[in-house]
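Okay, so here's the structure we're looking at.
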Number of protein chains: 2
Amino acid sequence: MILSIDLDSEVPIYVQLRNRVTEAIAEGVLVAGNPLPTTRALAADFGINFHTVNKAYDLLRKQGLIRLNRKTGAVVITPSPDTPFRADWAARARTLLAEAVAKGVPADEVLTTCRSVLQSFDSPHSEDTP
Amino acid sequence: MILSIDLDSEVPIYVQLRNRVTEAIAEGVLVAGNPLPTTRALAADFGINFHTVNKAYDLLRKQGLIRLNRKTGAVVITPSPDTPFRADWAARARTLLAEAVAKGVPADEVLTTCRSVLQSFDSPHSEDTP
DNA sequence: CATTTGTTCTATAACTAATAGAGCAACTAG
DNA sequence: CTAGTTGCTCTATTAGTTATAGAACAAATG
């Protein structure tokens with residue numbers, strides 16, 4: 001797995017890590033059952049502290065996207081999109097969509113952008129279909 | 001104008017203020033030329049410090065949504081959806097959409113939610129059309 | 001000219017981000 | 001059963017952010 005983070009970004013490292021893993025799951029690069037690198041290994045890869053990785057994994061666990069086992073490590077799980085999540089997500093979507101509309105981007109263009117992003121998640125990402 | 005903020009939220013007050021104003025512009029409640037309350041007046045309304053409101057207004061100015069004049073106060077302007085904005089916005093949209101898809105929400109349901117939010121912005125919000 | 005308003009400066013307390021080290025608890029492999 | 005790995009917890013420090021606060025300046029209106 002190749003995760004890229006920007007140490008100079010204004011976005012906290014642990015948030016970037018959470019976002020990248022979340023996107024990898026959405027893309028199908030990571031599916032239920034797949035293991036994530038250990039906190040210490042991933043921290044060593046990026047040259048950051050393992051506590052920072054730990055924080056990102058903890059966020060993902062609270063999001064209900066991974067399960068953390070001692071010794072086995074972090075594993076992607078099959079999520080359940082419950083009602084509280086949908087409500088919270090819709091509120092955040094409203095804020096983000098408002099930002100584009102307020103900036104003058106036409107509603108249909110906004111929707112087209114969303115559609116193409118969603119389509120990019122749908123396209124297959126298997127390594128063993130040559 | 002009625003802006004509501006939650007002092008107990010984990011979202012910083014100045015971010016909430018920016019979000020509410022952004023949404024009001026997207027909804028058409030605020031249109032180009034409309035004045036915003038003065039920083040001191042809005043701060044008094046919410047019982048918060050005027051520096052906090054100042055920070056929110058400064059964000060909105062950097063977003064290109066309002067113009068700040070001495071004495072005249074803050075005024076909503078006609079924005080220009082430039083390319084850098086679209087690219088940055090698309091990246092953030094990707095992260096948010098990934099969150100829903102990774103959580104198991106079907107892509108078409110995500111798109112439907114976005115569409116209904118955008119439609120809620122389109123519906124008229126004029127006070128003088130009985 | 002006087003008032004209002006955004007702007008800027010300094011300052012402080014509480015919180016967050018990231019790093020760091022130490023050690024505990026559980027699980028697997030040998 | 002032992003040894004090692006790994007998540008987890010604890011304390012601690014440094015740097016930055018959030019929100020508050022007071023004071024004063026600059027520009028534009030009336």
Side-chain angles (χ1 to χ4, degrees), chain A residues 1 3-22 30 32-77 92 95, chain B residues 1 3-22 30 32-77 92 95:
Chain A
M1 175 173 47
L3 295 174
S4 67
I5 61 170
D6 178 10
L7 296 175
D8 296 331
S9 169
E10 79 281 356
V11 182
I13 298 173
Y14 77 99
V15 174
Q16 288 184 55
L17 277 175
R18 187 209 52 168
N19 289 349
R20 292 301 88 74
V21 172
T22 302
L30 289 174
N34 284 169
L36 265 60
T38 66
T39 55
R40 293 174 224 257
L42 196 54
D45 276 8
F46 288 130
I48 60 178
N49 196 275
F50 82 94
H51 288 100
T52 305
V53 180
N54 203 350
K55 203 165 178 178
Y57 279 16
D58 198 51
L59 270 186
L60 289 163
R61 185 181 57 78
K62 284 175 186 162
Q63 269 183 264
L65 293 179
I66 66 174
R67 195 185 57 229
L68 294 170
N69 298 321
R70 295 170 196 270
K71 185 63 187 170
T72 318
V75 179
V76 178
I77 63 177
R92 283 182 292 140
T95 298
Chain B
M1 174 174 49
L3 294 174
S4 67
I5 60 169
D6 177 11
L7 296 175
D8 296 330
S9 169
E10 78 282 357
V11 181
I13 296 173
Y14 77 99
V15 174
Q16 287 186 54
L17 277 174
R18 189 210 48 170
N19 289 349
R20 293 300 87 75
V21 172
T22 302
L30 289 174
N34 284 168
L36 264 59
T38 65
T39 54
R40 292 172 224 258
L42 197 54
D45 275 9
F46 288 130
I48 60 177
N49 196 276
F50 81 95
H51 288 102
T52 305
V53 179
N54 203 351
K55 204 165 179 178
Y57 279 17
D58 198 50
L59 270 186
L60 288 163
R61 184 182 58 79
K62 284 176 185 160
Q63 269 183 263
L65 293 179
I66 67 174
R67 197 185 55 231
L68 294 169
N69 299 322
R70 295 169 196 269
K71 185 65 184 172
T72 318
V75 180
V76 178
I77 62 177
R92 282 182 292 141
T95 298

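No experiment lies behind these values; they were computed from the predicted model shown. Here is how names work: the chains are called A, B, and so on, in the same order as the sequence lines, proteins then strands, and each is numbered from 1.
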Would you list the protein and nucleotides 20-23 of chain D atom pairs, both N or O, that sit under 3.5 Å from each other?
unit_1 : atom_1 : unit_2  : atom_2 : d
D:dT20 : OP2    : B:Asn49 : N      : 3.3
D:dT20 : OP2    : B:Thr52 : OG1    : 2.6
D:dA21 : N7     : B:His51 : ND1    : 3.1
D:dG22 : O6     : B:His51 : NE2    : 2.5

Could you list, one pair per line, each protein nitrogen or oxygen that sits under 3.5 Å from a nitrogen or oxygen of nucleotides 12-16 of chain D, together with the distance?
none

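When all heavy atoms of A:Leu68 and A:Ala74 are compared, the pair lying nearest together is CD2-CB, 3.4 Å. In terms of heavy atoms, A:Phe50 sits closest to A:Arg40 at CB-CA, 4.1 Å. Shown here for A:His51 and A:Asn49, the closest heavy-atom pair between the two residues is ND1-OD1, 2.6 Å. Across all their heavy atoms, A:Asp8 and A:Asp6 have their closest contact at N-OD1, 2.9 Å.
Looking at heavy atoms from C-beta onward, A:Ser4 lies out of side-chain contact with A:Phe46 at the 4.5 angstrom threshold. B:Val75 places none of its side-chain heavy atoms less than 4.5 Å from the side chain of B:Asn34. In this structure, A:Leu30 and A:Val21 have side chains that are in contact, with non-hydrogen atoms separated by less than 4.5 Å. Using a 4.5 Å cut-off on side-chain heavy atoms (C-beta onward), B:Lys55 and B:Arg18 make no contact. Counting only heavy atoms from C-beta outward, the side chains of A:Thr22 and B:Thr95 never approach each other to under 4.5 Å. At a threshold of 4.5 Å between non-hydrogen side-chain atoms, the residues B:Ile48 and B:Leu7 count as touching. Put simply, the side chain of B:Tyr14 does not reach to within 4.5 Å of the side chain of B:Val53, judged on heavy atoms.
Here the P atom of nucleotide D:dT17 and the OH atom of A:Tyr14 are 14 Å apart, to the nearest Å. Atom CG of A:Asp58 is separated from atom C1' of D:dC8 by 10 Å (rounded to the nearest Å). In this structure, the CD atom of A:Glu10 is 12 Å from the P atom of D:dT18, given to the nearest Å.
Residues of residues 66-74 of chain B that place a heavy atom closer than 4.0 Å to DNA chain D, in numerical order, are B:Arg70, B:Lys71.
A:Thr39 contributes atom OG1, which lies 7.0 Å from atom OH of A:Tyr57 (distance to the nearest 0.5 angstrom). One distance of note links CG of B:Leu3 with CZ of B:Arg20; it measures 8.5 Å at 0.5 Å rounding.
If you walk DNA chain C from 5' to 3' and mark each nucleotide with an atom closer than 4.0 Å to a heavy atom of chain A, the marks span C:dA17 to C:dT28.
For the side chain to side chain contact (heavy atoms under 4.5 Å, CB included) with B:Leu60, the lone residue among B:Ile66, B:Val76, B:Leu17 that qualifies is B:Ile66.
Rounded to 10 degrees, the angle between the two end axes of the helix from C:dC1-D:dG30 to C:dG30-D:dC1 is 40°, with five pairs used at each end.
Take B:Arg61 and apply the salt bridge (Lys or Arg N to Asp or Glu O under 4.0 Å) test, not counting sequence neighbours, and it matches B:Asp58.
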